[in-house]
Amino acid sequence: MPTAQEQITTGIPRRVIWLALAGAVGGFLFGFDSSVVNGAVDAMKEEFALSEAVTGFAVAIALLGCAAGAFLAGKVADRHGRIPAMKLGALLFLVSALGTGFAFGVWDLVFWRLVGGLGIGLASVIAPAYISEISPRQVRGRLASLQQLAITTGIFAALLSDALLATSAGGAGHGFWLGIEAWRWMFLAAAVPAVAYGWVAFTLPESPRFLVFKGKEEEARKVFASIAPAEDTDRHIRDIQDAIEEDQLAGQKGSLRGRTFGLQAVVWAGIILSVLQQFVGINVIFYYSTTLWKAVGFQEKDSLAISVATSVTNILVTLVAIALVDRVGRRPILLAGSVGMAVSLGAMALAFSSAAGTGENITLPGAWGPVALVAANVFVVSFGASWGPLVWVLLGEIFPSRIRARALGLAAAAQWVANFAITLSFPVMAAGSLPLTYAMYALFAAASFFFVMFKVPETNGMSLEQAETLFVPKGSAAKAK
Ligand code: BGC
């Protein structure tokens, strides 16, 4: 139980910060495991004599695993709890780290990557659900943004660990400790955060909201008592029980189905937020940066340093979102981010429309190189301070508790499929027309502005039980609060 002094000095009980940080370890693995392949891919390709197509498949397949894992996470977490889902995630991460590290050939490697994808998908759902459910409403945005801070730190750590291993071994394909090649160590390194995640899962308490839903009020009371002032515990439990009663009155049976094209409006909102977050093309910057930087005049050998710099920027700008999200609210940040992304992507489309050369050998004449460079960075900053963290914040807080994990699972699965579609289509689209590709991402950024403007209500400062009434169509019994 937080002392009064702790509450005054930090504003947030320390125990809650610890639980949120521990919950966010899943985000670190999400970032680490989705980026670690970057440093290993060329050596892997050489060792198993893979064609371009098979290599692309081995890399992208994890994203489909992520989609399946997100979907599965929702079911496991709503039925058995958030903590059992975390434990399953940790196990999948560990098995995948060892499997990919000791892979015999490409087919078992693909299988282990799929297993790792399942873990990433699970983690992508559990962290936002768990953090939202244990956070006091006044700081929920900040604590839920820790997930993105962990994702971006995970991306950075993977790039760094890849670079350190490759440099120490004299190349990713060279033998390293115990005669095992450096690229294998890159995957094996992921076992360390996987074990940490497993340990965390065994020490965290179950989400009190999940416990109330399962009728375990006494257990929920104990958890609430350890994270909120005693006088709030009764109110929390009463609010959750009221929400359950209202659902029953409204005939809601805990299904995702509804009257808006077969799903509840709020489920669609989550899916669309997720898909737009990917359709602005953020991962193109992360996965295919070399071509971009070469076009702007950098050498191939600089590209790793630039990727590391981009990933550090990505971490730092998350702090901006953390500082602002509970002060100015979700909507202004998302709207400003959409404008920044649309303008910077538009500038990139313009810059690349004056490119000379084709394929990997394009160059940008005159001032267009610096314009593209600045625009790409403005884009990363705009995304990282807004849509990156805030989509996860919103996914954690807009869904009613009775369907939270499943709805989040579906929305996150849609996000992974969208990520897969963008990742796979970029090389083909870029070969067709790079300016049009960026223009398309710019259009999606513009669409994201209007979507937030007209369809996303402000959830800042509300309890989860209040937030869940925002998306209920007018006139419905569930809204009568
Ligand atoms: C997205 C990832 C992306 C990352 C980049 C996350 O919010 O879900 O797809 O790679 O941000 O920072």
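Whatever order the structure lists them in is the order used to number ligands and atoms, beginning at 1.
Nearest protein heavy-atom contact of atom 12 (O) of ligand 1 is Asn314 ND2, 2.8 Å. Among all protein heavy atoms, the one lying closest to atom 8 (O) of ligand 1 is Gln415 OE1, 2.7 Å. Distance from atom 4 (C) of ligand 1 to its nearest protein heavy atom, with residue and atom name: Gln148 NE2, 4.0 Å. Nearest protein heavy-atom contact of atom 3 (C) of ligand 1 is Asn283 OD1, 3.4 Å. Atom 1 (C) of ligand 1 has as its closest protein heavy atom Gln277 OE1, 3.6 Å.
Atoms of ligand 1 lying under 4.0 Å from any heavy atom of Gly388, numbered from 1 in the order shown and given with element: 7 (O). Those atoms of ligand 1 with a heavy atom of Thr152 less than 4.0 angstrom away are 12 (O). Against a heavy-atom cut-off of under 4.0 Å, Gln278 is close to the following atoms of ligand 1: 1 (C), 2 (C), 8 (O), 9 (O). Residue contact check: Trp392 has heavy atoms under 4.0 Å from atoms 6 (C), 7 (O), 8 (O) of ligand 1.
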Would you please test Phe451 and Trp268 for ring-ring contact (aromatic ring centres under 6.0 Å, His included) and show each step? CA-CA 12 Å; Phe451 183 69; Trp268 277 119; over 10 Å; no

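Classified by interplanar angle (parallel below 30°, tilted 30° to 60°, perpendicular above 60°), the ring pair Phe187/Trp183 is perpendicular.
A salt bridge is defined here as a Lys NZ or Arg NE, NH1 or NH2 lying under 4.0 Å from an Asp or Glu carboxylate O, and Glu52 with Lys45 meets this definition. A salt bridge is absent between Glu133 and Arg140; no separation between the charged side-chain nitrogens and carboxylate oxygens falls under 4.0 Å.
Aromatic rings of Phe279 and Tyr441 (six-membered ring for Trp) have centroids beyond the 6.0 Å cut-off, not under it.
Under 4.0 Å from ligand 1, not a single heavy atom of Trp387 appears.
Heavy atoms of Gly384 stay at 4.0 angstrom or farther from ligand 1.
Tested against Leu316, the residues Thr313, Val312, Asn314 include a single side-chain contact (heavy atoms from CB on, under 4.5 Å) partner, Val312.
Residues Ser132 and Glu397 bring no donor and acceptor atom of their side chains to less than 3.5 Å of each other.
The two residues Ser145 and Ile322 have their closest heavy-atom pair at CB-CG1, 3.6 Å.
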